[in-house]
Every structure is written in structure tokens, then in C-alpha cells.
Amino acid sequence: MAKRVLVLNGPNLNLLGTREPGIYGAETLADVEELCRRAGHDLGLQVDCRQSNHEGELVTWIQDARESADGILINPGAYSHTSIAIPDAMKAVGLPVAEVHISNIHQREPYRHHSYVSAVAFGVICGFGTLGYRLALHALAEKLK
Ligand code: DHK
């Protein structure tokens with residue numbers, strides 16, 4: 001049976017394509033989700049893509065993943081740098097988590113250099129643009145073998 005991956009995008013990632021394109025590129029969230037579905041298909045993964053601007057909604061989806069997913073890919077957006085609840089939920093469910101950032105957060109403002117999610121993720125990819133989602137799905141496919 002195909003392994004199931006929940007792909008989560010956090011706040012403001014619904015604005016991809018128009019939001020600071022010099023940093024985040026020209027692709028829309030729909031493009032990124034299509035990329036994930038195609039990459040998932042090629043890797044034999046079943047991919048469920050969701051985006052929310054609300055921390056609690058992301059927490060609920062992570063909790064629900066106990067029943068509905070085998071792994072999680074997340075770009076937590078700005079919640080990477082502020083949220084304790086998101087990594088707590090990940091620890092509670094115990095699923096493998098791959099963390100993605102489109103931009104190289106280490107080249108940006110100091111408050112973006114630390115992510116609370118990274119302590120829970122088995123790997124972190126940043127700075128490769130939307131290719132990072134494809135790379136993270138590869139890593140998850142290997143992890144879930
Ligand atoms: C996306 C965001 O929305 C920012 O808040 C993060 C991340 C970086 C990204 O590069 O995808 O700081």
C-alpha cells in the first residue's frame with residue numbers, strides 16, 4: 001500500500017507567486033501542490049496537501065495525521081520561528097517530519113535563523129526554492145521504506 005504523506009504549508013504561503021517573488025519565486029501554491037502530487041506519484045506516495053494561516057488548524061491536522069498519514073512534510077512559514085505548539089504536536093504523533101523552507105533562512109534576518117520545528121524534523125531543507133519540496137518527498141520516501 002502507498003505510504004501517505006501530509007504536505008502542510010503555513011501562513012502566507014497561500015500568497016506564493018505574488019508575495020516577495022525575489023525571495024519566494026514566481027510559482028503559486030497551486031504549482032507547489034501540483035509539484036508535490038506529481039513527485040509523490042513518481043515516488044509511490046499518496047500526497048495530501050493543505051495550507052493554513054492558523055496555528056491551531058495546523059496543530060489539529062498534525063494530530064489527525066496519527067490516523068491518516070505515515071509522514072509529514074511541512075513548511076511552517078513564520079510559525080517555524082515562533083511556535084512551540086507545532087513541534088509539540090509533531091512529538092505527540094511521532095511521525096517522521098521533513099521541514100522545508102523555500103528561502104535560505106540563514107541568509108535572512110536573525111529572527112529567521114532558528115526554527116523550533118527543526119529539533120523535531122529528521123531533516124531540514126532550505127534555500128533551494130520549491131525544489132526543496134521535491135527533495136523532501138524523496139527523503140520521506142526513503143525514510144518510509
Ligand atoms: C516562509 C515564510 O513564510 C517565512 O516566514 C520563513 C519560509 C521562511 C520559507 O522560506 O519558505 O521565515
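Computation of the quantities below employed the complete heavy-atom set of this structure, encompassing side-chain atoms and omitting hydrogens, waters and symmetry-equivalent molecules. In each ligand, atom 1 is the first atom listed, and ligand 1 is the first ligand listed. Quantities reported herein were computed from a predicted structural model and do not represent experimental measurements.
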Pairs of nitrogen or oxygen atoms, one from ligand 1 and one from the protein, closer than 3.5 Å: please tabulate them with distances.
| residue | atom | partner | partner atom | Å |
| --- | --- | --- | --- | --- |
| ligand 1 | 3 (O) | Arg19 | NH1 | 3.0 |
| ligand 1 | 3 (O) | Arg19 | NH2 | 2.9 |
| ligand 1 | 5 (O) | Ala78 | N | 3.1 |
| ligand 1 | 5 (O) | Arg112 | NH1 | 3.2 |
| ligand 1 | 10 (O) | Ile102 | N | 3.2 |
| ligand 1 | 10 (O) | Ser103 | N | 2.8 |
| ligand 1 | 10 (O) | Ser103 | OG | 2.6 |
| ligand 1 | 11 (O) | Asn75 | ND2 | 2.9 |
| ligand 1 | 11 (O) | Ile102 | N | 2.8 |
| ligand 1 | 12 (O) | His81 | NE2 | 2.7 |
| ligand 1 | 12 (O) | Arg112 | NH1 | 2.9 |

Parallel, tilted or perpendicular: ring planes of His81 versus His101, cut at 30 and 60 degrees: parallel
Passing candidate, side-chain contact (heavy atoms from CB on, under 4.5 Å) with Tyr133, options Ile102, Ile125, Val47: Ile102
Shortest non-hydrogen contact between Ile72 and Leu140, atoms and distance: O-CD1, 3.8 Å
Test item: Ser83 side-chain N/O and Ser80 main-chain N/O as donor-acceptor pair under 3.5 Å: no
Ionic contact status for Arg50 with Asp48, cut-off 4.0 Å: yes
Residue that, paired with Val97, satisfies side-chain contact (heavy atoms from CB on, under 4.5 Å) out of Leu73, Ile86, Ile74: Ile74
